[in-house]
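Excluded from the calculations below are hydrogen atoms, water molecules and symmetry mates; all remaining heavy atoms, backbone and side chain alike, are included. Letters A, B, ... are given to chains in the order of the sequence lines, protein chains preceding strands, and every chain is numbered from 1.
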Number of protein chains: 2
Amino acid sequence: MSRELRVGLHAAIVAVTGEQPRVLTVPDLAANLPAALPFGPLDPDQHRTLELGLRAWVQEQTGMELAYVEQLYTFGDRDRASSDAAGARVLAVAYLALVRERQLAEGRGAAWESVYAVLPWEDRRQGEPDVLRDQIRPRLATWVRAGADTAMRRSRRGRVDITFGSESAGWDSERVLDRFELLYEAGLVAEASRDQSRSTGGTPDPGVGEPLALDHRRILATALGRLRGKLKYRPLVFELLPETFTLLRLQHTVEALVGVRLHKQNFRRLVERGRLVEGTGRLESATGGRPAELFRFRRDVLHERPAPGVGLPGLPHGRSRRV
Amino acid sequence: MSRELRVGLHAAIVAVTGEQPRVLTVPDLAANLPAALPFGPLDPDQHRTLELGLRAWVQEQTGMELAYVEQLYTFGDRDRASSDAAGARVLAVAYLALVRERQLAEGRGAAWESVYAVLPWEDRRQGEPDVLRDQIRPRLATWVRAGADTAMRRSRRGRVDITFGSESAGWDSERVLDRFELLYEAGLVAEASRDQSRSTGGTPDPGVGEPLALDHRRILATALGRLRGKLKYRPLVFELLPETFTLLRLQHTVEALVGVRLHKQNFRRLVERGRLVEGTGRLESATGGRPAELFRFRRDVLHERPAPGVGLPGLPHGRSRRV
DNA sequence: GCGTTAATTCTCAATTTGAGCATAATAAGA
DNA sequence: TCTTATTATGCTCAAATTGAGAATTAACGC
């Protein structure tokens with residue numbers, strides 16, 4: 001008789017409040033443990049589709065109705081947070097959901113957590129973050145030197161350069177998962193020591209960034225990478241914005257997700273030339289300066305062009321564009 | 001006691017021979033039934049990772065060792081080819097694999113099937129294919145008119161326009177899955193009538209294109225869409241080519257996958273300016289005209305630029321010239 | 001009124017596309 | 001051998017897009 005098989009449905013539910021991207025978390029069963037993403041097992045009898053199962057669990061755990069939902073990836077490594085207490089083999093089907101910022105229903109313990117508290121090396125809006133310069137790069141350099149032989153050291157150095165950028169290769173904002181996996185392999189995130197049954201003893205390394213339960217930080221990394229990539233060719237940002245918004249708010253929302261600052265005038269040019277938005281004539285006066293016009297998303301673009309996205313007019317430093 | 005849950009691992013293994021993309025199929029259990037993609041159930045005890053399980057099944061059914069493998073999507077709709085004979089709920093984790101054209105081991109029945117025999121509306125290299133103009137568009141128009149009310153008809157028309165292109169919206173080569181799903185919903189592919197237990201009686205509509213077993217045509221559509229999208233920003237084509245190749249062969253391989261003809265000189269400019277290839281100095285003389293230089297993939301680009309792909313210099317709309 | 005803060009418009013050069021013409025090198029056939 | 005067909009490869013040129021930043025406008029607080 002073969003081992004039992006189960007499937008979990010996991011949701012990275014993302015919103016942007018102000019200039020910070022956030023992800024919805026629920027408290028883990030025991031206190032003191034890291035928070036988790038909303039998740040629950042697929043019920044083969046009740047859930048007609050995977051996505052409906054996911055929506056049901058999210059509704060139950062957070063009271064939230066999801067609008068935009070997209071499947072990300074199915075994880076199933078046996079040695080990586082993939083068996084439950086009963087010893088069954090458990091797969092995780094991960095989803096990305098986008099919602100507008102809103103009040104959370106009280107009482108269930110769900111809370112918004114900052115995405116960049118969990119993945120602090122991904123926010124380059126103020127330039128390369130301290131944690132990257134002071135901790136990650138030095139420790140990755142050590143990891144590279146610890147390679148068994150020259151070939152391995154060279155291979156490790158190559159991976160570090162391409163995932164975290166170097167003089168020759170720039171920062172690719174979409175490689176979020178690659179970076180997390182490299183940090184995991186190099187033992188710089190808490191999940192790495194947690195997953196090793198043979199702990200090296202002593203106080204466990206706290207690692208960089210706030211961990212999440214199970215493999216949920218990996219799921220969040222997958223979600224952020226996918227979101228960053230898709231922004232460029234699908235009008236996903238508007239799932240995160242209210243009906244009307246100023247162009248600066250739109251820009252801040254994109255910047256928050258992509259983790260870099262953009263050139264303001266050119267960003268506007270792209271958005272307007274792409275006919276993604278239309279002015280409402282009304283003004284938002286709480287800007288602190290000249291009032292800004294309120295715009296709304298032109299849903300018609302979906303019927304006009306095959307791949308409408310916001311494009312990323314980079315600033316002088318970051319040269320990580322595609323096509 | 002809840003219904004049992006199983007997980008199948010399915011592989012769309014793609015190669016390009018000459019100017020035709022092909023997918024590896026295995027004969028279905030009973031004769032007369034459509035061929036299937038290689039697949040097998042995940043064994044929770046034996047398969048350490050999903051991908052290793054997939055490789056094992058492919059090896060067993062086709063004798064082939066896979067190199068490039070990428071997870072596509074996990075399907076699990078209850079009403080769509082997702083329960084087995086024993087009535088268990090079955091999920092399908094689908095993968096895309098790329099291989100170089102090669103001789104198949106005899107005897108196991110595995111065979112290369114033309115991708116565009118299965119998805120004939122996707123090949124626009126000779127302009128809009130006949131099946132699209134003569135069958136699909138008229139029947140989709142009928143389906144649009146059959147909508148219950150004005151709102152539904154407008155919504156259907158919008159979907160048709162955006163997925164299959166119209167005057168206002170062009171053809172988006174990446175929307176392969178959207179197109180297949182629309183054809184399924186409109187009842188133009190054989191799978192649609194197969195999945196309806198309440199058949200309308202009479203001779204079943206054969207539908208457009210060669211069907212595959214289970215949901216495998218859907219998986220192939222997912223694979224082709226993903227592949228088309230990814231070509232633009234990852235050097236995947238080279239997984240399908242031998243060590244050295246002429247630039248025309250490179251172009252033909254890309255064209256075969258994307259399903260459109262490209263502007264030759266500009267294609268070369270993009271490839272060379274992107275420093276994706278380097279000349280070998282050797283010449284290929286079996287070209288039929290002036291001998292072409294043999295090039296090889298510059299693996300170093302992987303360490304130089306974040307998103308090296310081949311780009312797609314299109315031809316003027318609608319035209320399809322000989323190259 | 002004056003400085004501050006943003007919004008909004010414009011410029012301008014550098015690059016990148018889209019399209020096509022011209023020339024070079026081979027094989028097959030007259 | 002000379003011509004023609006066929007493909008490779010190089011080059012040009014205008015149009016469009018991008019990257020960067022200056023200039024102008026419209027509020028607010030004092």
Task: Pair B/Tyr73 + A/Tyr73: ring centers closer than 6.0 Å - done: no
Task: Any A/Lys264 side-chain nitrogen or oxygen under 4.0 Å from OP1 or OP2 of C/dA6 - done: no
Open item on the list: For D/dT18 and A/Arg273 - does any side-chain N or O of the residue sit under 4.0 Å from the phosphate oxygens OP1/OP2?
Closed with: yes
Which one, [options], comes nearest to the side chain of [X]?
{"X": "B/Arg268", "options": "C/dT26, C/dT17, D/dA8", "result": "D/dA8"}
{"X": "A/Asn266", "options": "C/dT17, D/dA20, D/dT9", "result": "D/dA20"}
{"X": "A/Glu293", "options": "C/dG20, C/dT8, D/dA20", "result": "C/dT8"}

TODO: Report yes if a donor N or O on one partner sits less than 3.5 Å from an acceptor N or O on the other, where the partners are the side chain of A/Arg290 and the base of D/dT25; otherwise report no.
DONE: yes
Open item on the list: Base of C/dG18, side chain of B/Arg269 - is there a donor-acceptor contact under 3.5 Å?
Closed with: yes
TODO: Kindly check if the number of other-residue, nucleotide or ligand heavy atoms within 6.0 Å of CZ (A/Arg157) is above 12?
DONE: no
Open item on the list: Between B/Arg22 and B/Thr17, is there a side-chain donor-acceptor contact under 3.5 Å, judged purely by atom types and distance?
Closed with: yes
- [ ] Taking the six-membered ring of A/Trp121 (Phe, Tyr or Trp), confirm whether the NZ or CZ of A/Arg133 is under 6.0 Å from its centre and within 45° of its axis.
- [x] no
- [ ] Hey, which sits more toward the 5' end of DNA chain C by its nearest nucleotide, B/Leu283 or A/Gln265?
- [x] A/Gln265
